[in-house]
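Notes follow once the structure below has been shown.
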Amino acid sequence: MEQESFKASERLVTPAYIRQGREARRMHEQLVRQLVEQGKCPKEPWDESTIEIFLKELAVMDSNNFLGNCGVGEREGRVASGMVSRRHYRLIHGIGRSGDIAAIQPKAAGSSVLNKLTNSMVLDIIRLAGVRTASSCFVVPMATGMSLTLCFLTLRHERPKAKYIIWPRIDQKSCFKSMITAGFEPVVIENVLEGDELRTDLNAVESKITELGAENILCVHSTTSCFAPRVPDRLEELAVMCQKYEIPHIVNNAYGVQSSKCMHLIQQGARVGRIDAFVQSLDKNFMVPVGGAVIAGFSDSFVQEISKMYPGRASASPSLDVLITLLSLGASGYNKLLKERKEMFVYLSNELKKLAKDTNERLLETPHNPISLALSLSSLSEQSGSAVTQLGSMLFTRQVSGARVVPLGTSQTINGYVFKGFMSHSNNYPCAYLNAASAIGIKKQDVDMFIKRLDKCLRLCRKEKHLAKDEPTSAQQTTEEDVAELAQDLGDVLQADAASEVLLSG
């Protein structure tokens, strides 16, 4: 209520009580005013009532919620379902205009404020996370792959003769397809093996630039966050190389915001060389539903050109989700999550080392990867070609999600490009392995349950091997209890086989 309404209320209720209520309301308004004035993520989290008051006040600024509105256009924010309307807090018009996703909508002042504030808050978080000199960013309602495509299409206008994209190999389909979808030819640079790590082959990159000609190369498309044993690209060296040859540089930072090491690489790359834009996922870094990404950079004009490349208006849902999330967490809450993730990475690493020792495997040495870990599966790989994939199926049936088994010798064709050793980022990685990651939001109980279930699955695989060879499972005589347990285990194995067939057929 505004001031006159409070005064009028004093005729109905004791004035002292009204003044107390007015002060309580003023506290909510003060938080909103600070947010709008500063455009930064508040240090402390907001309570849900303040967030809801703020969103409702934004909604009444949109024309579809005007009490006397008379809409005669083709897009007037009409929603048939009340449930859908409430789900979006009656913010129906979306963001941007037909020519620019960052433009202000005359009919939707509230949604426009939401869009501007969200972009400003996310930029604040990116700077707090380590890329201090990032100058601009915007939330786009597309996941990482399509957002990368948008960056490449923007560069097309600057480099109309270019047809190639230099891409140090990472076995992830969406980032590869982002280049194909944009109409360019990926030039795959195989990684080099250094110890257990797969690292950027800088000599091969520079050789390709010389061979193809810098004017024919749209950009270098590098990667930070990735599955071990691949590690983040050598961003500083690539950035210097891009600056030397005047080639744009786009970084796939999919889930790198949560890693201070990945963010430091981007900051350093921009300091010593050239990075034009870096793209990150909303769901992987901010724990919101899938469907959004953040495109950020060090040049306001280039980031603005990317936003203008987006055709038409856009859904406000990803912006709304991340706005609510950051207000709910506050900068302190988000920093706490980043700290906990680091701690869990160390804990997961230690637990996998213990398990590796007990199972005659080893945790691969990948010190340059700050998120993902890899456990060798040499004994299973020697056992049979299907044993590694069967382990993945067994974990899946035990509700372990996110673990990733990588067998030897897998080949995959994507848009006519053949990738040998697919999933391992290499034609001939020395061993099969299993990936596990310490991502934002992970808890100690997640790690403990994963280690317990993985241990059991590895034991089941070894028992199946012994039974297949008609060997006793120990030096002692097998008891009836052992037989019963093995029968139970084999039932689990058969169930895993069935799950494996379903997964492979899918």
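Positions are given from 1 along the sequence. The basis for the numbers below is simple: all heavy atoms, side chains too, and nothing from hydrogens, waters or symmetry mates.
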Would you find a donor on one side and an acceptor on the other, under 3.5 Å apart, between the side chain of [X] and the backbone of [Y]?
X	Y	result
Asn369	Val231	no
Ser332	Lys43	yes
Asp446	Lys443	yes
Ser207	Asn203	no
Asp283	Gly291	no
Gln280	Gly256	no

Validation row: [X], [Y] side chains within 4.5 angstrom (heavy atoms):
X	Y	answer
Thr325	Met287	no
Trp46	Val32	yes
Val279	Val294	no
Leu35	Pro42	yes
Phe54	Leu117	yes
Leu352	Phe450	yes
Leu114	Ser319	yes
Leu434	Leu395	yes

Minimum heavy-atom separation for [X] and [Y], please, with both atom names.
X	Y	value
Pro232	His368	CD-O, 3.1 Å
Phe152	Ser178	CE1-OG, 3.5 Å
Ala109	Asp62	N-OD1, 3.5 Å
His249	Cys242	CB-SG, 3.7 Å
Cys175	Asn252	CB-ND2, 3.6 Å
Phe227	Ser372	CA-OG, 3.6 Å

Practice prompt. For Glu48, look at atom CD and say whether over 12 heavy atoms of other residues, nucleotides or ligands are found less than 6.0 Å away.
Written response: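 Counting other residues, nucleotides and ligands, CD of Glu48 stays at 12 neighbours or fewer.
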Worksheet item: Would you say Lys163 has more than 12 foreign heavy atoms packed within less than 6.0 Å of its NZ?
Response: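 Atom NZ in Lys163 is not crowded, with 12 or fewer foreign heavy atoms closer than 6.0 Å.
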In plain terms, say whether [X] and [Y] are close enough for a salt bridge, that is, a side-chain N and a carboxylate O under 4.0 Å apart.
X	Y	answer
Glu29	Arg25	yes
Lys208	Glu185	no
Arg271	Glu236	no
Glu246	Arg274	no

Quick check for you: to the nearest 0.5 Å, what is the distance between [X] atom [atom1] and [Y] atom [atom2]?
X	Y	atom1	atom2	value
Thr366	Glu197	OG1	CD	6.0 Å
Leu265	Ser225	CG	OG	11.0 Å
Asn65	Leu91	CG	CG	7.5 Å
Gln267	Arg127	CD	CZ	10.5 Å
Met241	Thr200	CE	OG1	9.5 Å
Ile442	Met344	CD1	CE	7.5 Å

Worksheet entry | CA sep, side-chain torsions, deciding dist, call: Lys284, Thr144, side chain to side chain donor-acceptor pair (under 3.5 Å) | CA-CA 10 Å; Lys284 293 174 182 174; Thr144 309; 5.3 Å; no
Worksheet item: Run the side chain to side chain donor-acceptor pair (under 3.5 Å) check on Ser135 and Asp300 step by step: do they pass?
Response: CA-CA 6 Å; Ser135 65; Asp300 290 349; 2.9 Å; yes
Worksheet item: For Ser120, what residues pass the side-chain contact (heavy atoms from CB on, under 4.5 Å) criterion, not counting sequence neighbours?
Response: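 So Ser120 forms no side-chain contact (heavy atoms from CB on, under 4.5 Å) with any residue.
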Worksheet item: Would Ser307 and Asp100 count as having a side-chain donor-acceptor pair, cut-off 3.5 Å?
Response: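 A pair is found: one side chain offers a donor N or O, the other an acceptor, under 3.5 Å apart.
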Discussion item. Does either side chain, that of Asn191 or that of Ser426, offer a donor lying less than 3.5 Å from an acceptor on the other one?
Written reply: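 Short answer, no.
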Item to complete: Step by step, work out the side chain to side chain contact (heavy atoms under 4.5 Å, CB included) result for Val257 and Tyr334.
Response: CA-CA 11 Å; Val257 178; Tyr334 191 74; 3.7 Å; yes
Fill in: Full working for side chain to side chain contact (heavy atoms under 4.5 Å, CB included) between Arg230 and Tyr429
CA-CA 10 Å; Arg230 197 195 191 280; Tyr429 195 75; over 6 Å; no
Discussion item. Under the ring pair (Phe, Tyr, Trp, His ring centres under 6.0 Å) definition, can you give me all pairs with a residue in residues 169-212, not counting sequence neighbours?
Written reply: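 Qualifying pairs: Trp167-Phe176, Phe176-Tyr417, Phe176-Phe419.
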Fill in: Step-by-step side chain to side chain contact (heavy atoms under 4.5 Å, CB included) determination, Arg156 to Leu153
CA-CA 5 Å; Arg156 180 193 292 275; Leu153 290 173; 4.1 Å; yes
Worksheet item: Among Thr223, Asp201, Asn427, which one satisfies side chain to side chain donor-acceptor pair (under 3.5 Å) with Arg169?
Response: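 Going through the options one by one, the only one that passes is Asn427.
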Item to complete: Could you give me the CA-CA distance, side-chain angles and deciding distance for Asp321 and Leu282, then say whether side chain to side chain contact (heavy atoms under 4.5 Å, CB included) is met?
Response: CA-CA 9 Å; Asp321 289 341; Leu282 282 183; over 6 Å; no
